[in-house]
Number of protein chains: 2
Amino acid sequence: MAMGRPRSFDTDKALDEAMEVFWRHGYDGASLAMLTKAMGIKPPSLYAAFGSKEGLLKAALDRYAERRSEHMRYVLAGASAREVAERYLGSIAESHTDPANPPGCLLVQGGLACGAGSENIPFELASRRALTETELRERFVQAKRDGDLGDDADPAALARFLSTVASGMGVLASSGADRDALREVAHVSLSAFPGQEANRIPLP
Amino acid sequence: MAMGRPRSFDTDKALDEAMEVFWRHGYDGASLAMLTKAMGIKPPSLYAAFGSKEGLLKAALDRYAERRSEHMRYVLAGASAREVAERYLGSIAESHTDPANPPGCLLVQGGLACGAGSENIPFELASRRALTETELRERFVQAKRDGDLGDDADPAALARFLSTVASGMGVLASSGADRDALREVAHVSLSAFPGQEANRIPLP
DNA sequence: AGACTTATCTACCACTCGATACAAAAGTTG
DNA sequence: CAACTTTTGTATCGAGTGGTAGATAAGTCT
């Protein structure tokens with residue numbers, strides 16, 4: 001048989017460009033014209049490679065998750081629950097204000113609300129956000145087993161709290177807040193976290 | 001002179017319906033077809049009354065702010081900074097899961113990202129969110145003058161923290177979290193707030 | 001080389017978008 | 001009633017939407 005004409009663009013590079021467009025404009029706000037221009041390809045190539053606009057988003061989300069997985073590995077490798085929380089919010093403050101990316105978080109920015117034909121996109125994004133919360137919760141359950149978290153600590157509540165603060169930081173960053181502002185929020189948030197009660201009130 | 005034909009619909013009622021559509025679908029996701037159907041009027045009436053889709057959003061935001069102003073008056077009337085924070089996050093947990101409204105917060109849900117011709121909508125929403133943060137900050141400055149907040153407390157940081165958590169709760173609620181989940185987040189968040197250190201770790 | 005398979009390009013589809021022109025309708029004022 | 005002013009409904013505007021048909025180009029296989 002024959003292999004056919006090879007693809008003339010780099011799928012991952014194109015996905016990175018698409019990711020940025022979705023990140024900056026949201027799912028509904030990202031038009032095919034924007035996407036194809038940024039990706040440097042024409043609509044038929046896009047549809048041949050990703051099936052649909054929604055398929056393209058999912059592929060971009062997969063790539064986003066892949067990118068952040070090493071970050072999360074570092075976060076979860078923290079020695080204590082407290083250190084995990086510090087690393088988590090700290091890395092969020094950095095990544096959400098990284099000038100190499102649009103501000104904020106793709107999973108928040110991509111679309112909390114959508115138009116008529118895209119009602120399932122918000123669910124898709126929410127389920128991806130939930131994955132990180134689950135990782136944190138399981139890490140805190142482990143910490144509790146290790147005696148690193150007190151018996152009265154609630155891993156699910158702590159994970160949900162951190163995840164919620166992270167979403168809030170995404171909203172904050174998307175409206176132009178700078179890195180120091182996010183670090184400040186992270187710092188105050190950590191006061192709610194068990195361990196190292198000493199530096200509760202003072203701020204940097 | 002002559003007075004002209006009177007308007008056949010109630011402007012405020014129509015605004016309430018428009019608000020709900022923007023709330024549920026965001027600015028870009030809310031089409032004129034949805035809006036006019038929900039408002040029970042035809043496009044020319046909408047444009048005569050509000051000028052443009054963006055004008056309609058601003059009018060709806062004004063009405064939203066008006067609605068919440070009594071809430072904020074109650075919140076800011078808390079006896080201590082701590083009580084203000086409790087009232088603030090508590091009322092957010094309630095209002096963001098009020099079945100009478102779409103879940104979450106219009107100012108978050110309405111649009112963090114927008115398409116080509118609507119780049120200023122996110123700014124508009126962000127500036128409205130900032131108003132609440134300012135109210136909180138000024139209340140905390142007052143609390144500090146009153147000696148109700150310690151000298152080492154940072155009113156701006158605390159207000160920003162609360163505002164960020166509130167945005168995060170909006171994201172959480174919009175993805176289907178129930179009222180108890182938001183209350184839990186509020187409870188944990190308050191552990192980061194000065195005063196009443198006793199109940200830091202235990203959760204309901 | 002020639003058959004075969006797949007990607008790419010041009011052009012276009014039906015549809016929806018936000019916004020309006022126009023004329024009929026509904027009221028107030030003289 | 002008649003003159004005037006404003007709103008309302010119908011019908012539609014041009015632009016842009018996501019998505020595709022069909023022909024051509026670019027490779028690999030025998």
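Chain A is the first sequence line, chain B the second, and so forth, proteins listed ahead of strands; every chain is numbered from 1.
Put simply, A/Ser45 has no side-chain N or O that comes within less than 4.0 Å of OP1 or OP2 on C/dA7. Contact annotation: B/Lys53 side-chain N/O to C/dG18 OP1/OP2 distance is under 4.0 Å. OP1 or OP2 of D/dG19 has at least one side-chain nitrogen or oxygen of A/Tyr47 nearer than 4.0 Å.
Closest approach to the A/Ser8 side chain among D/dG19, C/dT8, C/dG18 is made by C/dT8 (side chain taken as heavy atoms from C-beta onward). The side chain of B/Lys42 approaches D/dT10 more closely than any other nucleotide in the set C/dC17, C/dT10, D/dT10. Relative to the side chain of B/Ser31, the nucleotides C/dA7, C/dG18, C/dT10 differ in distance, and C/dG18 lies closest. Closest to the side chain of B/Pro43, out of D/dG19, D/dG9, C/dT20, is C/dT20. Of the candidate nucleotides D/dG18, D/dT8, C/dT8, C/dT8 has the atom nearest to the side chain of A/Arg7.
One interatomic measurement links the two molecules: CG of A/Asp28 to P of C/dC17, which rounds to 11 Å at whole-angstrom precision. Atoms CE (A/Met3) and C1' (D/dT30) sit 15 Å apart, rounded to a whole Å. Summarising the geometry, the separation between CD1 on B/Ile41 and P on D/dT8 is reported as 8 Å, rounded to the nearest angstrom. Rounded to whole angstrom, the span from the CG atom of A/Leu57 across to the C1' atom of D/dG18 amounts to 15 Å. In this structure, CG of B/Leu32 is placed 14 Å from C1' of D/dA15, rounded to the nearest angstrom. One atom, NZ of B/Lys37, and another, C1' of C/dT16, lie 15 Å apart when rounded to the nearest Å. Summarising the geometry, the separation between CZ on A/Phe9 and P on D/dA25 is reported as 20 Å, rounded to the nearest angstrom. What separates CG of A/Asp10 from C1' of C/dA7 is a distance of 15 Å, to the nearest Å.
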task = Could you please spell out the steps behind the ring pair (Phe, Tyr, Trp, His ring centres under 6.0 Å) verdict for A/Tyr64 and A/Phe22?
result = CA-CA 11 Å; A/Tyr64 184 72; A/Phe22 282 130; over 10 Å; no
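Within 4.0 Å of B/Phe50, counting heavy atoms only, lies no atom of the nucleic acid at all. A/Pro6 comes within contact range of the sugar-phosphate backbone alone, with a heavy-atom separation under 4.0 Å but no base atom that close.
Exactly one of A/Met72, A/Arg139, A/Glu83 qualifies for a side-chain contact (heavy atoms from CB on, under 4.5 Å) with A/Tyr88. That residue is A/Met72.
With the nearest nucleotide of DNA chain D identified for both B/Gly40 and B/Ala116, B/Gly40 has the one nearer the 5' end. Residue whose closest nucleotide on DNA chain D sits further toward the 5' end, between A/Ala33 and A/Pro44: A/Ala33.
Here the straight-line distance linking atom CE of A/Met19 with atom CG of A/Asp12 works out to 9.0 Å at 0.5 Å rounding. Atom OG1 of residue A/Thr132 and atom CZ of residue A/Arg137 lie 11.5 Å apart, to the nearest 0.5 angstrom.
Checked against a 6.0 Å centroid threshold, the rings of A/Phe193 and A/Phe140 count as neighbours.
Within 3.5 Å, a donor on the side chain of B/Arg5 pairs with an acceptor on the base of D/dT7, or the reverse.
Side-chain contact of A/Asp178 with A/Thr97: a donor-acceptor pair under 3.5 Å is absent, judged by distance alone.
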